[in-house]
Every structure is written in structure tokens, then in C-alpha cells.
Amino acid sequence: MSEAKEYLANVRASLVKRDPNQPEFLEAVDNFFHTITPVLEEHPEYIQANLIERLIEPERAFQFRVPWVDDEGNVQVNRGFRVQFSAAIGPYKGGLRFHPSVNLSIVKFLGFEQIFKNSLTGLPIGGGKGGSDFNPKGKSDGEVMRFAQSFMTELQRHIGPDIDVPAGDIGVGGREIGYLYGQYRKIRGYQAGVLTGKGLSYGGSLARTEATGFGLLYFTQALLADQGESLDGKKIKVSGAGNVAIYAIQKAAELGATVLTASDSDGFVYDPNGIDYKIVQQIKEVERGRIKDYADRVDTAEYHEGSVWDFDLDYDIALPCATQNEIDGGRATRIAQNGATVVNCGSNMPCTPEAVEIFHKSDVLLGPAKAANAGGVAVSALEMSQNGERLSWTFEEVDQRLEKIMQNIYTESAGAAKQYGFGKDYLAGANIAGFKKVADAMFAQGVI
Ligand code: NDP
């Protein structure tokens, strides 16, 4: 075993011992370790400096109590988290997730991935993530507001425009960011750059709402162009019906593809004529309804319960845009059998390690989340720039920069994969390209 491999095996063994109850975090670390050996072989000084053990340990992690009063007058208590993983190349940056499944393991996995994603954007932002096990589903606006205010009353101690800049994620959209920002401003005064994903009337950036979905399609376009193909006429399966999925569906249609499905955690709709993103937007963003409602409004659409990945269809591209580990080994096999040749990840870590393995063996190209969904954080960083300048750029300007950033992310990831002998393994390429900049910065800054 090479020195680098032995070093990584030892670091992993110690992590398993210290965090035995953090499976999602361990999965994210494993995905990363599998691919960075050649960089460590090239830089033995990183091993000497024990850089990897430092990298997998968050610089700081907070857990806090979030008490609030529901509409019936009952006092509820949720858990809040913020993990400030690495500020080696810029202030901590990463979303907040409100979902009953949120725990320290999930926040750490997301924060760890965020370090390399943010590095890949080429912008000066470090990695962080946060959230709560609060479930916004079925809650009134008043309940969401009281919860968000209580959450921010604690979080505000730890964040700031040059320290840590949260944004949205699952369960945290424009409404939640508005309430969070309002409470921050009440306590700390006006500082627009402390959160991104803000409304346009109070410091938000045009195209931020669309950024992750649009960016996913720009990445897909770049990947296809490299194979001598285009999106024109392609059939796409999308999972999810939230922020990422809605704007992925919009951009896919604009670029000439047909999106056949959209889903939520209850079931999915299939429409051979193509999903209309405006109807999904109305159901999910305005009415806060279920995806089932889509089939009641569109004659050609049918609704099915269960996962969209268990439904056989002929299609070319899969875009998972719901949640982690939504595609396991069985579903990956099915995706390959259905004829899909590209899987680009809108959601974070949607494929289990077994699924990743199956895609590699079946020659299905996999665009990893840290590359394919980096458009959201990239435009968040552009929002920070606009807040700093006290200027607002046009939609076209932001969108053009986003497209360039996504093309560049593809080029960097594909280039690193090729250079280090990983062929078209873009997961390896993205890990390496993102890691190199962070490692260089950490090494230069000494043991801290
Ligand atoms: P939203 O809350 O807007 O939408 C999430 C969608 O996924 C909903 O349709 C939801 O259905 C579905 N979903 C959530 N959990 C599950 C589950 N366990 N099983 C099946 N379906 C589920 O979130 P986003 O669109 O913002 O985020 C989606 C993914 O994209 C996440 O992995 C997130 O981390 C990632 N991401 C988001 C970014 C952003 O800018 N928003 C940036 C980069 C990555 P239901 O309503 O039934 O819960």
C-alpha cells in the first residue's frame, strides 16, 4: 500500500471510531477519499502536515435549542445546527435545511461537500451548512415566522457578511429567508450581505432563485458538448418539485429537451408531452400543494405513488433534484437499463456508493453534485458581491456569469479527471479540482 493510501486508511479508521453515528458524513468522506490519493502522492508534504485529518474536522460546529409557540399556543422545541467547516479560501458559505431528518451527520456531510463545491466555483468562499429538524410542511406562515425568528435569535451570534453567510436549501426558500433576514436585521442592524437568496426588494440578486436549476442544465450542456452532443430532443427524468427541480425543468425545455417527470416525497407525475414548470411553480411555490395536483390540471399527465426512479421509461438523462441517497444500486441498474447515459446531480449526494459504482461500470456519465449543482452557491457569491458594491446587476449579466462558471466547472472537473488517470470519472475530477485549491490554501496558512 502506498504511503498516501495507508495515511487515508488510518484517518478513516480514526473517523469511524470517533463518529460511529454519522453515516452520511462518513459516506461523503469515503466518496472523497477514494479519489484524492494521486494528489497526496504528488504532495507528500500534505501527509506530513496531517492536512486531511484537519480537513475532515469542522473548524466549528454549533447545536442550539430553538423554542417557538405554535398556533394552538403549545411550546415546541427544535434543534438548530450550524457547521462552519472550512474558511481556508473565504467566509463559510452554505445553505440552511429545514427538514425532520436533519441531524449533525447530515449537516456535516453537506458542509464537507460544500467546501469543494465552493472552491470549484472559482470564487472566494469557504464551506459551511446548517439547518434544523423543524418540518415546515403543513405549518402556517405565522408558525414558520416564529420558528425562523427563534432560530435566528441564536444563529446571529455566529454569522456575518465576512464570517459566515447562510442561504436556502430543502425547506428554506424565499419566505424563510425573508423571516430569517428580518430577525437578523432587528437584532444586528442592516447588513444585506449576511444571507443570500434574499428577495429582490431587500438586496437579493436577480437569477438567484433560478441559479441551481439553470446551472445544472448549463453543466449538462457543457458535458454533452464534450461528447459531441446537445440537449436538443433529449428526454429527461427529473425528481423533486422544489427550487432546484422547477428551474431545471424550465431551462431544459428552453434548451430543446423534454422533461417527462417531477416528484415529491409522496409520488410523481409523468407527462409524455413534457412537464410545464409554471404549473409546478404555482402548485409548490404559491399553493404549497402536492405534485399529485399537477395530474388534476393537465390531461396528459398521470400520477403514481412511490419513487420516480422505480418507474420504467425510455429516456436519455436523469437529473435527481430531491434529496440524498434517492438512487440506490437497484435504481441505478434500472436507470442504465432504461437507456439513460448521463446522470447529473441537482440534489446533494443523491447516489449511494453502490449506485456510483454501477454507473461507472455501465459507462453512464455521472456529473457529481459538487460540480453540477454549484450554480446556486455561485450566484449566492455574486449576490454577496452586489451587496458589497451596493449595486444590482441585470438578470442577463448574472445569468451569463452563471453559464460561464458552470462551463468552467465542467472543464476543470473533466480536465482533472483526465490528468490524474480517472478518464471520465467526473466525481474524481471534481474532488481533485476542488481539493487542490483548498489544500494549497491550508498548507500555506500553517497548522491552524
Ligand atoms: P426544496 O425543499 O425546494 O424541494 C425539495 C424537493 O425534494 C421537494 O419536492 C421534496 O418533496 C423532495 N424531497 C425532499 N426530501 C425528500 C425525500 N426524503 N424523498 C423524496 N423526495 C424528497 O429543496 P431544493 O430544491 O432547494 O433542494 C433539493 C436538493 O438540491 C437538496 O439535495 C439540496 O441540498 C440541493 N441543493 C439545493 C440548492 C438550492 O439552491 N436550493 C443548491 C444546491 C443543492 P416534499 O415537498 O414532499 O418534501
Side-chain angles (χ1 to χ4, degrees), residues 24 28 93-102 106-107 109-111 113-114 117-118 120-121 127 129-131 134-139 166-177 195-197 205 207-216 219 238-249 261-269 275 277 280-281 283-285 287-294 305-310 319-328 331 344-351 367-381 383 402 406 409:
E24 293 86 0
K93 180 93 197 83
L96 298 171
R97 176 176 291 191
F98 293 169
H99 192 271
S101 64
V102 167
I106 289 190
V107 178
F109 119 63
L110 290 164
E113 289 273 297
Q114 197 81 41
K117 179 186 306 191
N118 293 1
L120 273 174
T121 65
K129 198 82 187 187
F134 172 76
N135 185 1
K137 236 177 270 171
K139 301 287 190 304
D169 190 74
I170 291 180
V172 179
R175 173 183 61 169
E176 291 75 18
I177 292 288
L195 284 174
T196 57
S205 172
R208 172 60 186 94
T209 308
E210 295 84 353
T212 310
F214 278 23
L216 177 64
F219 181 90
V238 163
S239 68
N243 174 263
V244 180
I246 290 171
Y247 299 99
I249 296 171
T261 60
S263 72
D264 60 20
S265 50
D266 296 330
F268 62 93
V269 284
I275 300 285
Y277 84 93
V280 183
Q281 197 180 31
I283 293 169
K284 287 292 178 180
E285 290 182 358
E287 299 166 20
R288 298 191 185 276
R290 308 304 298 159
I291 199 65
K292 186 175 192 291
D293 305 344
Y294 188 98
E305 287 188 353
S307 168
V308 71
W309 304 117
D310 295 331
L319 300 178
C321 298
T323 194
Q324 66 273 359
N325 292 332
E326 53 180 297
I327 300 174
D328 59 13
R331 289 173 180 170
N344 282 341
C345 306
S347 44
N348 282 311
M349 206 168 73
C351 306
K370 59 174 73 68
N373 74 20
V377 75
V379 173
S380 275
E383 183 175 330
L402 170 65
M406 296 311 297
I409 290 175

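Hydrogens, waters and symmetry mates play no part in the numbers below; they use all other heavy atoms, side chains included. Read the numbers this way: they start at 1 and go in the same order the structure lists the ligands and their atoms. Bear in mind that the values here come from a model prediction, so they are computed numbers and not experimental data.
Nearest protein neighbour of atom 18 (N) of ligand 1, counting heavy atoms only, is T323 CG2, 3.6 Å. Protein heavy atom closest to atom 4 (O) of ligand 1, with residue, atom name and distance, is G242 CA, 3.3 Å. Nearest protein heavy-atom contact of atom 48 (O) of ligand 1 is K137 NZ, 2.9 Å. I170 CG1, 3.6 Å is the protein heavy atom nearest to atom 27 (O) of ligand 1. Of all protein heavy atoms, the one lying nearest to atom 9 (O) of ligand 1 is A241 N, 3.0 Å. Distance from atom 13 (N) of ligand 1 to its nearest protein heavy atom, with residue and atom name: A322 CB, 4.0 Å. Here the protein heavy atom with the shortest distance to atom 33 (C) of ligand 1 is D169 OD1, 3.1 Å. Protein heavy atom nearest atom 37 (C) of ligand 1, with residue, atom name and distance: V244 CG2, 3.4 Å.
Ranked by closest heavy atom to atom 22 (C) of ligand 1, the top entry among S239, S265, A167, G168 is S265. Closest heavy-atom approach to atom 3 (O) of ligand 1 within the set N135, L110, N243, T212: this belongs to N243. Of all the listed residues (E176, R290, Q324), R290 holds the heavy atom that lies closest to atom 46 (O) of ligand 1.
In terms of polar-atom proximity, defined here as any N/O pair under 3.5 Å, R208 does make such a contact with ligand 1. At under 3.5 Å, not a single nitrogen or oxygen of G376, backbone or side chain, sits near a nitrogen or oxygen of ligand 1. Considering backbone and side-chain atoms together, G240 places no N or O closer than 3.5 Å to any N or O of ligand 1. Polar contact with ligand 1: present for G171 (N/O pair, distance under 3.5 Å). Looking at ligand 1, you'll find an N or O of R97 within less than 3.5 Å of one of its N or O atoms.
At a threshold of 4.5 Å between non-hydrogen side-chain atoms, the residues V280 and V269 do not count as touching. Contact annotation: the side chain of K129 never approaches that of F109 to less than 4.5 Å [non-hydrogen atoms, C-beta and beyond].
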Check against side chain to side chain contact (heavy atoms under 4.5 Å, CB included), K370 and Q114: CA-CA 7 Å; K370 59 174 73 68; Q114 197 81 41; over 6 Å; no
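N243 places a side-chain N or O within 3.5 Å of a backbone atom of T209 that can act as its donor or acceptor partner. At least one donor-acceptor pair under 3.5 Å links the side chain of T261 to the backbone N or O of V238. Judged by distance alone, the side chain of R208 and the main-chain N or O of G376 form a donor-acceptor pair under 3.5 Å. Under a 3.5 Å cut-off, the side chain of E113 and the backbone N or O of L110 do not form any donor-acceptor pair. The main-chain N or O of K93 is found under 3.5 Å from a side-chain atom of N118 such that the two form a donor-acceptor pair. Proximity of a side-chain donor or acceptor of T212 to a complementary backbone N or O of G375 within less than 3.5 Å is not detected.
Each of the atoms 43 (C), 44 (C) of ligand 1 lies under 4.0 Å from some heavy atom of N373. Using a 4.0 Å cut-off to heavy atoms of S347, the atoms of ligand 1 that qualify are 29 (C), 30 (O), 32 (O), 35 (C).
Counting heavy atoms under 4.0 Å from ligand 1, residue C321 touches it through the backbone alone. Contacts between S263 and ligand 1 below 4.0 angstrom, taking non-hydrogen atoms only, involve the backbone exclusively.
Cation-pi geometry between K139 and F98 is not met: the NZ or CZ atom fails to fall both under 6.0 Å from the ring centre and inside 45° of the normal.
Here the shortest heavy-atom pairing between Q324 and I106 reads NE2-CD1, 3.4 Å.
Checking S239, C345, P368 one by one against P350, the side chain to side chain contact (heavy atoms under 4.5 Å, CB included) holds for a single residue, C345.
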